[in-house]
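In this text the structure is predicted, and so the values were computed from the model without any measurement. Chain identifiers are assigned alphabetically (A, B, ...) following the order of the sequence lines, protein sequences preceding nucleic acid strands; residue numbering begins at 1 within each chain.
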There are 2 protein chains.
Amino acid sequence: MTRTAVFAEIATAAGDPARAGMLNALMDGRALTASELARVAGITPQTASGHLARLTVAGLIAVEKQGRHRYHRLATPAVARMLESIMQVAADAEPPRIKAFVGPRDAAMRAARTCYDHLGVALADAMVARGQIELAPDAGIVTDSGVALLQRLGIDLEARGKRKGRLLCRPCLDWSERRPHLAGAVGAALCTHCFDAGWIKRVEGTRAVKVTTKGERNFREIFGIGG
Amino acid sequence: MTRTAVFAEIATAAGDPARAGMLNALMDGRALTASELARVAGITPQTASGHLARLTVAGLIAVEKQGRHRYHRLATPAVARMLESIMQVAADAEPPRIKAFVGPRDAAMRAARTCYDHLGVALADAMVARGQIELAPDAGIVTDSGVALLQRLGIDLEARGKRKGRLLCRPCLDWSERRPHLAGAVGAALCTHCFDAGWIKRVEGTRAVKVTTKGERNFREIFGIGG
DNA sequence: GAAATGCTTCGGCCGTCACCGTAACATTTT
DNA sequence: AAAATGTTACGGTGACGGCCGAAGCATTTC
């Protein structure tokens with residue numbers, strides 16, 4: 001099998017509307033069952049099963065059986081990055097369905113979403129404004145004051161397998177607002193912390209997240225947003 | 001048109017073997033004619049024309065007519081990044097066709113290739129070894145000594161639209177050797193310089209590049225490789 | 001103006017694949 | 001053991017799309 005053939009295989013696997021919907025649903029890192037994925041894709045479980053088998057052999061998703069359930073998740077972070085990058089191109093192609101203007105920060109907060117590895121635009125903005133991170137289109141870096149902030153939150157990034165030296169992170173342009181997100185290991189760690197600390201909660205059955213009152217207070221105090 | 005539909009559209013556009021081959025051929029940034037692309041994809045010009053039309057409406061490639069020729073190129077850097085990321089997943093899926101062991105540096109040099117925005121593994125290695133860049137999986141940064149080196153080469157990155165502050169770059173895992181490349185603006189600038197200075201030349205009709213004797217000397221003197 | 005070159009459009013053929021209904025299998029619950 | 005639930009396997013149908021040959025435009029060359 002030649003290299004472009006494998007390439008085409010991967011792209012085709014992601015290119016079916018039903019499969020695209022499933023992958024999209026998995027982009028927040030959760031593991032879902034075939035039935036759930038069938039529902040989000042608007043197809044019957046039988047059809048979904050076939051799609052999932054195909055995605056699995058293509059190496060895009062991995063399955064983990066647990067009792068009578070089989071949980072499906074994205075196979076690797078590389079897959080998530082791929083999906084992001086395709087979304088990126090898709091966002092460029094189909095121009096702004098949400099106007100580029102960004103409303104009041106707290107409105108953005110309430111509408112917050114997460115995708116795999118991501119934290120909201122508002123957080124990234126706030127951290128940039130306070131000099132805790134610097135973002136370029138290609139890459140980002142966490143400054144000393146940013147590292148200090150994260151450590152105050154109990155996020156020790158060196159312990160998370162980051163090597164000594166500067167702390168780097170990966171930016172991600174948000175699909176709807178077209179503004180940089182914070183992604184990569186730093187984004188994921190921060191996101192996890194927000195969940196663990198009870199600052200945000202997942203809204204049942206959707207990919208949206210809700211900011212709790214506790215979270216609202218902390219975001220205001222620590223990041224100065226949502227005031 | 002919903003968002004996942006656009007997503008599927010994009011992925012499908014890249015997912016046909018013939019189209020994948022064409023996109024692959026365009027990944028070095030060159031602009032090619034329909035006939036050339038037909039040849040690399042192994043199809044007739046009529047068929048290629050149809051594919052190119054589809055790729056164009058999908059926003060993956062852009063055309064530029066010049067006389068009786070029509071030159072096709074990747075539409076945006078985002079498209080190039082997308083193709084890279086798909087390649088990445090493809091490389092993970094279809095495991096090492098070239099063993100992971102990296103031979104003598106100069107052998108790697110002679111086999112050097114370029115893809116869009118990229119410079120070889122050897123250069124990245126050398127710069128890392130000399131503390132001129134630092135690379136993490138998610139991002140990279142050019143150190144002060146790295147900036148100095150680039151300036152000695154006549155590459156002024158601030159002039160290239162980079163804002164003040166730290167100079168960031170984007171790493172890219174090579175498809176065949178699975179080692180980090182230097183990509184993004186810094187990689188592109190360095191690559192351009194190598195061509196302009198006559199250090200490397202494109203091998204007619206392929207995506208491979210050849211290191212000239214002049215280049216060999218400079219790489220040895222400046223980066224300490226190929227000795 | 002006529003011939004040549006590069007490219008696109010049209011029409012028809014054929015394979016691939018998404019989809020569902022039905023049915024079988026596996027695991028858990030009663 | 002029997003029923004319920006989650007999942008996969010099979011067979012048939014229909015549509016989308018890739019492919020080429022032939023023909024039509026556009027641009028350049030003779």
*Asks:* Specify the closest pair of heavy atoms between Leu37(A) and His72(A), including all atoms of both residues, with the distance to one decimal.
*Replies:*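 Residues Leu37(A) and His72(A), closest heavy atoms: CD1-CB, 4.0 Å.
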
*Asks:* How long is the line joining CD of Glu36(A) and C1' of dT7(D), in whole Å?
*Replies:* 13 Å

*Asks:* Starting at the 5' end of nucleotides 18-30 of chain D, put B wherever the base has a protein heavy atom under 4.0 Å, S where only the sugar-phosphate does, and a dash everywhere else.
*Replies:* SSBBB----SS--

*Asks:* His51(A): what forms a side chain to side chain donor-acceptor pair (under 3.5 Å) with it, not counting sequence neighbours?
*Replies:*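 So His51(A) forms a side chain to side chain donor-acceptor pair (under 3.5 Å) with Arg19(A).
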
*Asks:* Considering non-hydrogen atoms only, spot the tightest contact between Leu52(B) and Met22(B) and give its length.
*Replies:* CD2-SD, 3.9 Å

*Asks:* Whole angstroms only, please: what is the CG-C1' distance between Leu32(B) and dG6(C)?
*Replies:* 15 Å

*Asks:* Round to a whole Å and report the spacing from CZ of Arg70(A) to C1' of dA9(D).
*Replies:*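 To the nearest whole Å, that distance equals 13 Å.
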
*Asks:* Closer than 4.0 Å, any side-chain N/O of Ser35(A) to the OP1 or OP2 of dT5(D)?
*Replies:* no

*Asks:* Between P on dT28(C) and NE2 on His69(A), what's the gap in Å once rounded to a whole number?
*Replies:*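 My rounded result for the distance is 9 Å.
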
*Asks:* So which atom in Leu60(B) and which in Val79(B) form the shortest heavy-atom distance, rounded to 0.1 Å?
*Replies:*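 Heavy atoms of Leu60(B) and Val79(B) come nearest at O-CG1, 3.6 Å.
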
*Asks:* Name all residues meeting the side-chain contact (heavy atoms from CB on, under 4.5 Å) criterion together with Ser85(A); count only those two or more places apart in sequence or in a different chain, and write none if there are none.
*Replies:* Met82(B), Ser85(B)

*Asks:* What pair of heavy atoms forms the shortest contact from Ala8(B) to Asp16(A), and how long is it?
*Replies:*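 Between these two residues, the closest heavy atoms are CB-C, 4.0 Å.
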
*Asks:* Which whole-number value in Å describes the distance from Leu55(A) CG to dC17(C) P?
*Replies:* 14 Å

